[in-house]
**Q** 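Please find one structure pasted underneath; my questions will follow.
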Amino acid sequence: MAYWLMKSEPDEVSIDDALAAGSVPWFGVRNYQARNFMRDQMQLGDGVLFYHSSCAEPGIAGIAEVCSSAYPDHTQFDAASHYYDPKSTQETPCWMMVDVQAIRKTRLLSLAEMRTHAELADMLVLQKGSRLSITPVSTAEWQAVLALLDQP
DNA sequence: GCCAACGTTGGC
DNA sequence: GCCAACGTTGGC
């Protein structure tokens, strides 16, 4: 059982969208490190902090969990998609994804607030220059975030 | 829109 | 294998 923080642009897939859909395919990851986390390390039932990025108020917006193993991201084959990758073929897909089940929406734990909590200071998403859209979260960090989400 | 930081590409 | 140039991310 592991924990992850996964960034999504709410204009594309918000926590509300994910809750309405039940589960969402985490398409569009085009970074090898993030892909490898999904392909090699994620397990069914892993906990996910659903993070809104590239928006007015970036931060953790909900809780989710991994609900599939990794499989090819179909958008890499779609020439009309923003995520099309001409190097990928059906036989040798480059990009993988998992499905994520939204569990609940939480209060927004903003990036600015996250930076004020010493117990979160080591979270990878807070490190200078960090841009990775999927990062592992330690058990202690997971528990600290959940505790903060339960506070007003 | 700006820009710092990082990742990828491609010439050599 | 090096590294400069370019592209992308993402907060502000």
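Per chain, numbering begins at 1; letters A, B, ... match sequence-line order.
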**Q** Please give me every residue in residues 120-134 of chain A whose heavy atoms get under 4.0 Å of an atom in DNA chain B, ordered by residue number.
**A** A:Lys128, A:Gly129, A:Arg131

**Q** If you check every side-chain atom of A:Lys87, which of C:dG11, B:dT9, C:dG10 has the closest atom?
**A** B:dT9

**Q** With respect to the phosphate group of C:dG11, does any side-chain polar atom (N or O) of A:Tyr51 fall under 4.0 Å of OP1 or OP2?
**A** yes

**Q** Can you tell me which nucleotide in B:dG7, B:dT8, C:dG10 comes closest to the side chain of A:Ser54?
**A** C:dG10

**Q** Show the atom names and distances, to 0.1 Å, of all donor-acceptor pairs under 3.5 Å that link a side chain in residues 145-152 of chain A to residues at least two apart or in another chain.
**A**
none

**Q** Check the orientation of A:Tyr83 and A:Phe27. Use parallel for under 30°, tilted for 30 to 60°, and perpendicular for over 60°.
**A** perpendicular

**Q** Between A:Asp99 and A:Trp26, is there a side-chain donor-acceptor contact under 3.5 Å, judged purely by atom types and distance?
**A** no

**Q** Taking CD in A:Gln127 as the centre, count heavy atoms belonging to other residues, nucleotides or ligands within less than 6.0 Å. Is the count above 12?
**A** yes

**Q** Out of B:dT9, B:dT8, C:dC12, which nucleotide sits closest to the side chain of A:Arg115?
**A** C:dC12

**Q** When the distance from CD of A:Glu57 to P of C:dG10 is rounded to whole Å, what number comes out?
**A** 18 Å

**Q** Mind telling me whether A:Tyr3 and A:Trp142 have parallel, tilted or perpendicular rings, with 30° and 60° as the class edges?
**A** parallel

**Q** Please collect all salt bridge (charged side-chain N to carboxylate O under 4.0 Å, His left out) contacts where either partner lies in residues 117-135 of chain A, sequence neighbours excluded, each pair once.
**A** none

